[in-house]
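Report on one structure; see the data block that follows.
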Amino acid sequence: IIFQKHCHGPTSAAIFGEIICQKLKDPIEQSVYKKTARDLTDEIRSNCESLNGNRSNLEKHILKKLAEQENFDKYMNYICKPRDHFKSFIRDEVSQYINDQFSVRVLPKMEENIKLLQQKIMKAAHESTEHVQVNSGDVGLWWKSFTQQLSDVLIFSEKDLSGVKHDDVDDFNLLEDVMRQELPTIMSDISSRFNTKTFPVKLDYKFRPDELLIHHLCQCCWVQCPFCKVICTNTIENHGGDHSVPFHRVTGLGGWCHYKTTHFSTQICTSAVASSIQSFCPNLSDKPVLWRDYRRAGGVYADWSITPDLSEPPYWKWFVCRFQKDLEKYYNNTFEGKGEIPDEWRTHSKQDAFDSLNKYI
């Protein structure tokens with residue numbers, strides 16, 4: 001109503017310019033956040049050691065962090081819900097990076113992106129004015145030219161001006177001058193609200209750096225070995241062919257016990273399939289199947305390629321020894337009888353576990 005009362009001649013152009021700047025505020029803010037998020041995602045992938053490689057590299061850092069923290073609940077979350085754990089780890093790493101680097105890396109990126117966007121908006125306004133003057137056009141042509149030039153950086157259209165009467169706007173040089181005066185104030189207001197709490201919370205979920213990195217690193221196979229729960233390392237989800245992984249774990253971590261006992265199995269899949277006499281029962285009611293013929297068990301067992309290998313990285317041996325009581329309580333089984341922990345396992349230190357990650361993963 002106010003606009004319609006006072007919009008005549010030059011006043012119309014001036015008020016229209018002010019309204020455009022106000023209407024651009026939210027789209028500008030989202031655009032800056034999105035551009036900064038993309039820039040930051042690329043930077044994190046380059047500079048953050050845990051996130052600058054493939055999923056195997058990511059998993060190595062997850063296992064190192066777990067060993068550093070020695071938190072059993074987090075270990076079991078990783079073993080039983082690996083995808084959730086990976087996502088949580090990525091979010092924590094990104095959050096830490098943003099908090100640590102906000103003033104020296106994130107904020108300068110935001111301010112630079114605001115500056116570039118302001119320049120682009122004013123360039124679009126100027127070229128739209130020239131376009132209208134050359135073609136003897138009206139405000140409708142100016143607006144169409146303006147929004148088209150910014151369509152790749154701002155989500156903004158004629159619908160955003162619904163209810164705003166602007167038919168009599170004809171002084172486009174004044175319109176451009178008003179925008180040049182008003183826009184810095186808008187930009188300054190947006191800049192003043194940049195902090196670690198609003199970034200990246202104000203972003204649409206799918207544009208956040210952590211979600212972009214999750215999409216990059218977690219679009220892969222998450223099928224777990226039916227024996228030890230290790231994750232298939234294929235980088236394609238729903239891939240063809242067998243599931244596989246270079247190194248397996250202790251089968252007891254998958255809840256396996258010796259037949260008709262509550263004694264944990266301490267076998268490692270790759271060592272077990274090298275045996276010509278050891279067997280397992282897919283279910284208590286099933287007949288035993290030789291480990292070397294594990295595919296004959298059918299179902300999920302037939303989908304895995306487990307290569308015989310007697311090398312046994314220390315990491316999971318150290319884990320079993322460190323968390324023996326926790327594992328026994330969690331599964332309600334024991335490391336006794338045939339499932340007694342080998343003495344050799346107890347010789348491995350946490351440092352041995354760390355070193356094995358660098359060697360075997």
Side-chain angles (χ1 to χ4, degrees), residues 59 62-63 66-67 69-85 222-232 243 245 247-275 277-304 306 308-350 352-353 356 360:
E59 185 162 21
I62 287 175
L63 291 172
L66 286 169
Q69 295 176 329
E70 294 191 38
N71 184 307
F72 180 74
D73 291 336
K74 289 185 178 180
Y75 261 115
M76 295 314 296
N77 179 258
Y78 161 77
I79 291 170
C80 299
K81 298 179 180 179
R83 192 196 297 246
D84 290 346
H85 192 88
W222 291 96
V223 175
Q224 294 180 268
C225 171
F227 298 110
C228 68
K229 290 186 178 293
V230 71
I231 316 158
C232 172
H243 300 296
V245 63
F247 298 98
H248 284 256
R249 307 193 283 232
V250 181
T251 55
L253 300 184
W256 283 80
C257 292
H258 286 278
Y259 187 60
K260 291 187 177 180
T261 75
T262 57
H263 299 162
F264 274 117
S265 168
T266 54
Q267 293 175 309
I268 295 175
C269 305
T270 44
S271 301
V273 296
S275 170
I277 57 173
Q278 292 180 328
S279 61
F280 71 95
C281 291
N283 296 296
L284 287 177
S285 59
D286 293 338
K287 292 181 179 179
V289 177
L290 286 174
W291 265 96
R292 68 179 184 185
D293 300 326
Y294 68 91
R295 286 183 188 263
R296 291 185 180 179
V300 293
Y301 303 95
D303 296 334
W304 276 80
I306 305 175
D309 185 354
L310 297 179
S311 63
E312 298 178 346
Y315 187 93
W316 292 105
K317 295 179 179 180
W318 167 81
F319 168 78
V320 168
C321 296
R322 168 63 181 82
F323 293 103
Q324 176 183 345
K325 297 299 182 184
D326 299 280
L327 287 165
E328 290 177 336
K329 182 178 180 181
Y330 184 89
Y331 283 108
N332 200 26
N333 297 323
T334 60
F335 288 100
E336 297 177 324
K338 290 183 178 180
E340 187 175 355
I341 296 173
D343 291 338
E344 181 268 334
W345 290 20
R346 299 191 184 280
T347 65
H348 296 297
S349 64
K350 185 196 286 192
D352 293 334
S356 71
Y360 292 104

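Throughout, numbering of the chain's residues begins at 1 and tracks the sequence. All values below were derived from every heavy atom in this structure, side-chain atoms included, with hydrogens, water molecules and symmetry-related copies excluded.
- Nearest heavy-atom pair across Gly255 and Tyr331 is CA-CE2, 3.6 Å.
- Separation of atoms NE2 (His263) and NZ (Lys338) is listed at 10.5 Å; rounding is to 0.5 Å.
- The CZ atom of Phe335 lies 6.5 Å from the CD atom of Glu328; values are rounded to the nearest 0.5 Å.
- Residues Tyr330 and Cys80 share a closest heavy-atom pair of OH-SG, 3.7 Å.
- Ring pair Trp318/Phe323 is perpendicular by interplanar angle, where above 60° counts as perpendicular and below 30° as parallel.
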Please list, one pair per line, the donor and acceptor atoms closer than 3.5 Å that link side chains of residues 222-230 to other protein atoms, with sequence neighbours excluded.
residue : atom : partner : partner atom : Å
Trp222  : NE1  : Cys218  : O            : 3.0
Gln224  : NE2  : Ile79   : O            : 2.8
Gln224  : NE2  : Lys229  : O            : 2.8

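- Closest non-hydrogen pair, His85 versus Lys74, comes out as CE1-O, 3.5 Å.
- Of the inter-residue distances, the one linking Ile341 atom CD1 with Gln324 atom CD reads 3.5 Å to the nearest 0.5 angstrom.
- Listed here is the closest heavy atom pair of Ile231 and Val245: O-CG2, 3.7 Å.
- A distance of 11.5 Å separates CD1 of Ile306 from OG of Ser271, quoted to the nearest 0.5 Å.
- Side-chain atoms of Tyr75 come within 3.5 Å of backbone N or O of Ala67 as a donor-acceptor pair.
- Aromatic ring pairs are classed by plane angle as parallel below 30°, tilted from 30° to 60° and perpendicular above 60°; the pair Trp316 and Phe319 is perpendicular.
- The distance from atom CZ of Arg292 to atom CD1 of Ile277, rounded to the nearest 0.5 Å, is 10.0 Å.
- Between His248 and Trp304, the angle of the ring planes goes over 60°, which puts this pair in the perpendicular group of the 30/60° scheme.
- In this structure, the separation between OG on Ser265 and NE2 on His258 is 5.0 Å, given to the nearest 0.5 Å.
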Please step through ring-ring contact (aromatic ring centres under 6.0 Å, His included) for the pair Tyr294 and Tyr301, ending with a clear verdict.
CA-CA 6 Å; Tyr294 68 91; Tyr301 303 95; 8.0 Å; no
